[in-house]
Amino acid sequence: MMIRGLMVGAALTLAACATGSGGRSLDDPAVQRLFNLPTAQYFATIRIANQVAQNCARYRYDAVLDAELNEKRNEVGRGTLSAAGLRTAIETETDVSERSFTAKHGVELTGADLCPAADAEVLEGSALSAMLLPV
């Protein structure tokens with residue numbers, strides 16, 4: 001699961017290089033909230049953000065910011081380079097975070113229109129919202 005996630009992250013990074021720059025600065029408060037999350041919570045949050053973007057036509061996942069944040073987090077020992085040893089913690093946190101998101105917004109992460117949930121996250125300025133770019 002973790003290796004697949006790293007491969008997806010690498011693919012998104014390559015796609016981001018081909019599509020241009022991201023939408024938010026590293027100084028943005030939502031981006032800072034995301035950057036400062038513990039490793040397991042960070043990876044859970046970006047996974048959910050990716051799922052939200054896939055299920056809402058009004059937003060896309062900010063793959064450029066993902067790559068920039070991962071690079072910065074690697075510099076401080078909290079990026080993908082440190083995630084391999086935390087596989088179980090990341091999987092557990094992802095499960096908890098997905099359940100929390102589902103309960104908070106009253107939607108399932110798959111097969112549902114997640115635009116209202118995405119809008120709510122953006123209005124809140126949550127860490128998850130840092131990864132959502134309006135289309």
Side-chain angles (χ1 to χ4, degrees):
M1 181 70 150
M2 179 53 117
I3 293 173
R4 185 177 74 150
L6 292 174
M7 289 174 31
V8 169
L12 289 172
T13 301
L14 290 174
C17 292
T19 60
S21 64
R24 291 194 180 201
S25 159
L26 293 176
D27 295 329
D28 183 285
V31 174
Q32 284 300 304
R33 279 190 274 290
L34 182 61
F35 177 80
N36 289 318
L37 290 176
T39 303
Q41 196 174 2
Y42 171 80
F43 283 100
T45 302
I46 61 171
R47 179 176 177 186
I48 294 169
N50 198 345
Q51 290 174 301
V52 169
Q54 289 176 7
N55 290 287
C56 176
R58 291 196 302 260
Y59 295 95
R60 71 176 174 84
Y61 184 78
D62 192 343
V64 173
L65 179 60
D66 183 1
E68 289 175 6
L69 280 174
N70 187 57
E71 183 178 322
K72 294 291 184 193
R73 286 179 62 91
N74 276 331
E75 290 173 6
V76 294
R78 295 181 298 152
T80 54
L81 299 177
S82 67
L86 300 173
R87 180 179 175 182
T88 302
I90 291 170
E91 289 174 3
T92 301
E93 181 61 41
T94 299
D95 185 51
V96 169
S97 294
E98 286 175 347
R99 290 173 192 240
S100 177
F101 183 90
T102 297
K104 178 180 179 181
H105 297 291
V107 295
E108 293 297 322
L109 279 166
T110 56
D113 175 14
L114 297 179
C115 288
D119 292 340
E121 292 289 330
V122 169
L123 285 173
E124 181 184 318
S126 69
L128 187 150
S129 74
M131 299 309 295
L132 301 176
L133 285 176
V135 175

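Along the sequence shown, the residues carry numbers beginning at 1.
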Distance-minimising heavy-atom pair for Ile90 and Ala40: CG1-CA, 3.7 Å
Nearest-0.5 Å distance that lies between atom CG in Asp62 and atom CD1 in Ile46: 11.5 Å
Arg73 side chain vs Phe35 backbone, donor-acceptor pair below 3.5 Å: yes
Any residue meeting salt bridge (Lys or Arg N to Asp or Glu O under 4.0 Å) with Glu93, in chain and number order, not counting sequence neighbours: none
Neighbour count above 12 (heavy atom, 6.0 Å) for Glu71 CD: no
Approximate separation, where rounding is to 0.5 Å, of Cys56 SG and Glu121 CD: 12.0 Å
Which residues share a salt bridge (Lys or Arg N to Asp or Glu O under 4.0 Å) with Glu108, sequence neighbours left out: none
Full working for side chain to side chain contact (heavy atoms under 4.5 Å, CB included) between Thr39 and Ser82: CA-CA 8 Å; Thr39 303; Ser82 67; 4.2 Å; yes
Distance, nearest 0.5 Å, that separates CG of Leu69 from OG1 of Thr80: 12.0 Å
Geometric cation-pi criterion Arg78 and Tyr42, 6.0 Å radius, 45° cone: no
Ion pair check, Glu91 and Arg47, cut-off under 4.0 Å: no
Set of side chain to side chain donor-acceptor pair (under 3.5 Å) partners for Gln51, sequence neighbours left out: none
Candidate pair Leu109 and Asn55, rule side chain to side chain contact (heavy atoms under 4.5 Å, CB included), full reasoning: CA-CA 8 Å; Leu109 279 166; Asn55 290 287; 5.9 Å; no
Test item: Tyr59 and Leu114 side chains (from C-beta on) under 4.5 Å apart, heavy atoms: no
Gln41 side, atom CD; Asn36 side, atom CG - distance, nearest 0.5 Å: 11.0 Å
4.5 Å side-chain heavy-atom contact, Tyr61 and Leu133: no
Those residues that, when tested against Asp113, pass salt bridge (Lys or Arg N to Asp or Glu O under 4.0 Å) (two or more places apart): none
Residue list, salt bridge (Lys or Arg N to Asp or Glu O under 4.0 Å) with Lys72, at least two apart or on another chain: none
Approximate separation, where rounding is to 0.5 Å, of Thr92 OG1 and Arg87 CZ: 11.5 Å
Side-chain heavy atoms of Leu65 within contact of Val31, under 4.5 Å: yes
Heavy-atom closest contact (Thr102 atom, Val107 atom, distance): CG2-O, 2.9 Å
Exam field: side chain Asn74 to backbone Leu81, donor-acceptor pair closer than 3.5 Å: yes
Close side-chain approach of Thr94 to Phe43, heavy-atom, < 4.5 Å: no
Partners meeting side-chain contact (heavy atoms from CB on, under 4.5 Å) with Ala30 (sequence neighbours left out): Arg24, Asp28, Arg33, Ser129, Ala130
Working for side chain to side chain contact (heavy atoms under 4.5 Å, CB included), residues Arg58 and Val135: CA-CA 5 Å; Arg58 291 196 302 260; Val135 175; 5.8 Å; no
Exam field: side chain Ser100 to backbone Val96, donor-acceptor pair closer than 3.5 Å: no
Main-chain N/O of Met131 paired with Asp66 side-chain donor or acceptor, under 3.5 Å: no
Student check: side-chain heavy atoms of Leu34 and Leu128 closer than 4.5 Å: no
